[in-house]
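Notes follow the structure.
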Amino acid sequence: MKKFSLMRFLRARRVYWSVLQELTNYSDRELHDIGIDRADIHEIARLASQEQG
């Protein structure tokens, strides 16, 4: 059971950092074009990681 939980945690963490890195690399203009404010990037990454977990 613990191994499964650890795998889930690591997968969610990988998704979080991947989304965070991707969105952080966008310019303010690109973020605006897709309807994202730079201040929301951490929350979006958190939500994406929860969906994968």
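All values derive from a computational prediction rather than experimental measurement.
- Note that CG of Leu23 is 6.0 Å distant from CD1 of Ile34, once rounded to the nearest 0.5 Å.
- Tyr26 contributes atom OH, which lies 11.0 Å from atom CG of Asp33 (distance to the nearest 0.5 angstrom).
- Among all heavy-atom pairs drawn from Ser49 and Ala12, the shortest one is CB-O, 3.1 Å.
- Scored by the side-chain contact (heavy atoms from CB on, under 4.5 Å) test, Gln21 finds Asn25 as partners (sequence neighbours excluded).
- In this structure, Asp28 and Arg38 approach most closely via the heavy-atom pair OD1-NE, 2.7 Å.
- Residues Ala45 and Leu20 come closest through the heavy atom pair CB-N, 4.0 Å.
- To the nearest 0.5 Å, the span separating CD1 on Ile44 from CD1 on Ile36 amounts to 4.0 Å.
- A search for salt bridge (charged side-chain N to carboxylate O under 4.0 Å, His left out) contacts involving Glu22 returns nothing, not counting sequence neighbours.
- Side-chain heavy atoms closer than 4.5 Å link hydrophobic residues (I, L, V, M, F, W, Y) into clusters, and following such links, possibly through other members, connects Val19 to Trp17.
- Residues passing the side-chain contact (heavy atoms from CB on, under 4.5 Å) test with Arg46, sequence neighbours excluded: Tyr16, Glu43, Gln50.
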